[in-house]
Amino acid sequence: MEEAQVIETKDGTISVASAFPGHHEAVQDRDHKFLSKAIDEAYSGVDCSDGGPFGAVIVRNDEVVVSCHNMVLKNMDPTAHAEVTAIREACKKLGQLELSDCEIYASCEPCPMCFGAIHLSRIKRLVYGAKAEAAIAIGFDDFIADALRGTGYYQKAQMEIKRADGNGAIIAEQVFENTKEKFRMY
């Protein structure tokens, strides 16, 4: 069997080309299968009026752990996006805080909150379908694409964003120093 071929692109990213024939097609078929399930979830969520047209599936060892859709309207919870809901459900189901042996398939490019949740859960791979612009085109906040592309999303937030002055900031930072021996995440 041939060894994998390491390829470095102009932007500095590194890819590993598989040595066996048909690998790319097999991965593409697998991705299509799980992404299709996420898309079905997006339709399902809209059909039952739970929330917006977003679906997510978390997979481990080629098995679906959870399949969820946006639950914002049903739960009256602006954080109940499909990806966040899927991460919450997968963590409960698997009894663990991190999902480093899992992949997530999302019907749409994740918003900053969802991407943050995906990152914090340590999911090893994200596959998404639609670009954020598809959601923006039907009225979802363009904050999503701006944040993903680093184009001034703080300016679009209709709120004042300020770090506490003086003693407030110092006391808040001390929480981390004062609890580091009692609480460890990993």
Under the 3.5 angstrom rule, does the side chain of Asn61 hit a backbone N or O of Glu63 as a donor-acceptor pair? no

How long is the span from the CD1 atom in Ile104 to the SG atom in Cys68, to the nearest 0.5 Å? 9.0 Å

Nearest heavy atoms of Val66 and Ala86, plus distance in Å: CG2-O, 3.4 Å

What heavy-atom pair brings Cys91 and Leu97 nearest, and what distance separates the two atoms? SG-O, 3.8 Å

Can you see whether Glu41 engages Ser67 through a side-chain donor-acceptor pair at a distance of less than 3.5 angstrom? yes

As an exercise, state the distance from CE of Met113 to OG1 of Thr79, rounded to the nearest 0.5 Å. 5.5 Å

Glu109 (side chain) donor-acceptor with Ala132 (main chain) under 3.5 angstrom: yes

Minimum-distance pair of heavy atoms, taken over all atoms of Ala106 and Leu126: CB-CD1, 4.4 Å

Main chain of Met71, side chain of Asp50: is a donor-acceptor contact present, judged purely on distance under 3.5 Å? no

Quick one: pull up CZ in Phe115 and OH in Tyr128 and give me the separation to the nearest 0.5 Å. 10.5 Å

Would you check, one step at a time, whether the test salt bridge (Lys or Arg N to Asp or Glu O under 4.0 Å) holds for Arg125 with Glu103? CA-CA 5 Å; Arg125 186 167 182 258; Glu103 301 167 279; 2.9 Å; yes

Nearest 0.5 Å, please: how far is CZ in Phe54 from NE2 in His81? 7.5 Å

Measure across Asn75 and Ala80 and return the closest heavy-atom pair with its distance rounded to 0.1 Å. ND2-CB, 4.1 Å

Approximate separation, where rounding is to 0.5 Å, of Glu25 CD and Arg30 CZ: 15.0 Å

Just by distance, do the side chain of Ser44 and the backbone of Asp40 share a donor-acceptor pair under 3.5 Å? no

Would you check, one step at a time, whether the test side-chain contact (heavy atoms from CB on, under 4.5 Å) holds for Asn70 with Thr85? CA-CA 7 Å; Asn70 184 290; Thr85 300; over 6 Å; no

Got a sec, which pairs hit salt bridge (Lys or Arg N to Asp or Glu O under 4.0 Å) with one end in residues 68-84, sequence neighbours left out? Asp77-Arg88

Close side-chain approach of Ile118 to Pro110, heavy-atom, < 4.5 Å: yes

The remaining residues in the hydrophobic cluster of Tyr105, counting side-chain heavy-atom contacts under 4.5 Å among Ile, Leu, Val, Met, Phe, Trp and Tyr, are Phe34, Leu35, Ile39, Tyr43, Val57, Val59, Val64, Val127

Remaining members of hydrophobic cluster (4.5 Å side-chain criterion), Val175: none

Could you tell me whether Lys124 and Asp101 have a side-chain N and a carboxylate O separated by less than 4.0 Å? no

What pair of heavy atoms forms the shortest contact from Gly45 to His69, and how long is it? CA-CD2, 3.3 Å

Heavy-atom closest pair (Ala135 atom, Cys108 atom, distance to 0.1 Å) is CB-SG, 4.3 Å

Taken to the nearest 0.5 Å, the spacing of Ile58 CD1 from Ile123 CD1 works out to 4.0 Å

Check: Leu99 and Arg122 side chains under 4.5 Å, non-hydrogen atoms: no

